[in-house]
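Bear in mind the structure is a predicted one, so any value in this text is a computation, not a measurement. We use all heavy atoms of the structure for the numbers below, so side chains are in, but hydrogens, waters and symmetry mates are not. In what follows, residues are counted from 1 in the order of the sequence shown.
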Amino acid sequence: MEGAERQSRRSLWRGAGIGLAILACSHAVAAGEGALPAIAAIGHFYVAGREAPHGAPGARIETGQVYVHYVRLARPRLLVPLLLIPGGSLSGAAYETTPDGRPGWQSDFLAAGYSVLVADSGQTGRTPPAPLAAGAAPPAIRDKAFLWETFRIGPPGSWRTDPGARRPYPSGRFPLAGFDAFARQVFPRYRPPLDEEVARTAALYDRACPCVVVAHSAAGPIAERAALLRPDRVAALVLVEPSGGIALSRDQAARLRGIPHLYLWGDHVDQDAGWRDQYAGAARDFAMLRTAGNASSTWIDLPRQGVVGNSHMLMMDDNSRAVAGRIARWIARQRIDRPR
C-alpha cells in the first residue's frame with residue numbers, strides 16, 4: 001500500500017509539470033540580470049467560487065473565487081512548481097516587483113529555474129470582492145501608520161505624516177523611497193469565516209498542485225490548515241513570518257510528517273507584543289512537527305544568522321533576492337523529486 005501511495009504521489013508531481021502553466025518577468029532581463037530560462041506557458045485561471053443570488057430576484061453572481069497567474073518553464077529544475085500566496089490585504093503584486101522597482105520573488109524563483117504560480121489572496125487584486133453578508137463587519141482599512149509600524153519598517157510610535165519625521169529602524173532594509181508605492185497596493189482586509197478561507201486554499205491545492213507552497217503572514221496558518229486537508233498535494237511548505245501557529249496536535253503533526261517545513265523570520269520581532277505572540281505560536285507548531293519526526297523542518301531566524309534589518313515584507317526588502325536564494329537552497333536540499 002505504501003509503495004502504491006508513493007507511486008501515486010510521484011505521478012501527481014510529474015503530471016503537475018505538464019498540466020500547470022505559469023508570468024513572464026521581462027524586467028529581470030531589462031535590469032541586466034541575465035535572461036530567464038525558456039518559458040513554456042504563461043496564463044491564469046480561477047479556482048473555487050460558487051454561484052450565489054444577488055440583488056434583483058433571479059440575479060446570480062460568482063463569488064468566493066481566487067485568481068492565479070502562472071509561468072511554466074520549458075525545463076524547470078523541479079517537477080513541481082512554487083505557489084506563492086500573499087498575506088492579508090495583499091495581492092500577488094507583492095511578489096512580482098518590489099516597491100522600488102526591482103524584480104520580485106517571482107522573477108528570482110523563475111531565474112533560479114522554478115516554475116511559479118502567484119495567487120491573489122481573497123478579495124484582492126484580480127480576485128473580486130464578495131458582497132458582504134448581512135450583519136458582517138466591514139473590511140478593515142490598513143492605513144500607512146499600520147503598515148509602517150506593524151510591518152516593522154519602523155518601531156512602535158515612529159510613524160509621522162511628514163516623511164522626514166518618520167523614524168525607520170536604523171538597520172532597516174525596507175526601501176523607504178518605495179513606501180508610498182507599497183501602500184498603494186494594499187487592499188481592505190476582509191475576514192471571511194476561517195473554514196471558507198481554508199476550503200478555498202484546499203481548492204487551490206487541488207488545481208495548482210502538487211507544489212511547494214510559499215505563504216506569507218496571514219496566509220501561513222491558512223496554508224497549514226489546508227495542508228492538513230490535502231497533505232498529498234503539498235511537496236513542501238515555506239512559511240514566511242506566519243501570523244502565529246495553529247496549535248498543531250500530535251495527530252495533526254504526524255499527518256504533516258512527510259511535508260518539509262521552513263519557517264523564516266526577519267528582524268525586530270521582539271519589539272512588538274503581537275509579533276512576539278505570533279512567533280511563539282509558530283515555534284510551538286515547529287516543535288510539535290519535530291517531535292512527530294519531521295526532521296526536514298527548519299527554523300531560520302535571520303538576525304541569529306547575522307542578517308539584520310529585515311521587515312515583515314521580506315520579499316520587498318533590499319536583500320530580497322538573497323532571501324529568495326536561501327529559500328531556493330533549502331528547497332533544493334529537500335530532494336522533492338524523489339518519491340516518499
Side-chain angles (χ1 to χ4, degrees), residues 25 27-28 31 33-34 36 77-78 81-87 90 92-114 116-119 147 150-153 168-179 181-182 185 211-220 223 236-243 260-271 275 278-279 282-283 286 296-334:
C25 303
H27 59 281
E33 290 144 11
L36 292 172
R77 66 182 297 169
L78 194 65
L82 272 59
L83 170 61
L84 311 184
I85 308 177
L90 299 171
Y95 293 114
E96 293 174 1
T97 308
T98 66
D100 57 339
R102 291 171 289 118
W105 278 5
Q106 181 189 48
S107 293
D108 294 338
F109 288 128
L110 285 169
Y114 297 99
V116 179
L117 302 99
V118 179
L147 300 176
T150 304
F151 287 5
R152 305 198 312 280
I153 298 168
Y169 281 108
S171 60
R173 290 185 173 274
F174 188 89
L176 300 181
F179 178 73
F182 167 51
Q185 65 176 262
C211 56
V212 174
V213 177
V214 179
H216 175 238
S217 193
L237 188 54
V238 179
L239 300 174
V240 182
E241 293 220 343
S243 298
H261 283 56
L262 171 61
Y263 292 81
L264 182 64
W265 293 90
D267 205 351
H268 306 116
V269 173
D270 59 341
Q271 300 298 306
W275 277 115
Q278 293 179 5
Y279 184 97
F286 174 72
S296 297
S297 290
T298 306
W299 185 277
I300 295 181
D301 190 316
L302 289 173
R304 294 185 180 181
Q305 297 191 6
V307 181
V308 300
N310 279 106
S311 71
H312 180 51
M313 304 304 298
L314 289 93
M315 71 292 296
M316 298 181 181
D317 290 338
D318 63 11
N319 63 339
S320 60
R321 170 162 294 173
V323 175
R326 284 177 177 261
I327 295 173
R329 289 190 294 274
W330 178 84
I331 292 171
R333 289 195 298 270
Q334 305 315 307

Let me confirm one number: the [atom1]-[atom2] distance from [X] to [Y], rounded to the nearest 0.5 Å.
X	Y	atom1	atom2	result
Asp318	Arg173	CG	CZ	5.0 Å
Leu314	Arg326	CG	CZ	11.0 Å
Ile327	Ile300	CD1	CD1	8.0 Å

Got [X] and [Y] here, is their nearest side-chain heavy-atom distance under 4.5 Å?
X	Y	value
Leu78	Ile331	yes
Pro99	Phe174	yes
Pro175	Phe182	no
Tyr95	Val116	no
Ile153	Leu176	yes
His268	Ser171	yes
Leu302	Asp267	no
Val118	Trp105	no

Side chain of [X], backbone of [Y]: donor and acceptor closer than 3.5 Å?
X	Y	result
Trp275	Thr150	yes
Thr298	Ser296	yes
Gln305	Asp301	no

Can you list everything that forms a side chain to side chain contact (heavy atoms under 4.5 Å, CB included) with [X]? Sequence neighbours excluded, please.
X	result
Pro242	Pro221, Leu239, Tyr263, Trp265, Ala282
Ala283	Trp299
Thr98	Asp100, Arg102, Ser320
Ala223	Tyr205, Val213, Ala215, Leu237

Practice item. For His216, enumerate each residue passing the ring-ring contact (aromatic ring centres under 6.0 Å, His included) test, keeping only those at least two apart in sequence or located in another chain. Key: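 With sequence neighbours excluded, His216 shows a ring-ring contact (aromatic ring centres under 6.0 Å, His included) to His312, given in chain and number order.
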**Study point:** Residues forming a side-chain hydrogen bond (donor to acceptor under 3.5 Å, both in side chains) with His261, sequence neighbours excluded
**Key:**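 Counting only residues at least two positions away or on another chain, His261 forms a side-chain hydrogen bond (donor to acceptor under 3.5 Å, both in side chains) with Glu224.
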Practice item. Work out which heavy atom in Arg77 is nearest to a heavy atom in Ala332; give both atom names and the distance. Key: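 That would be NH2-CB, 4.2 Å.
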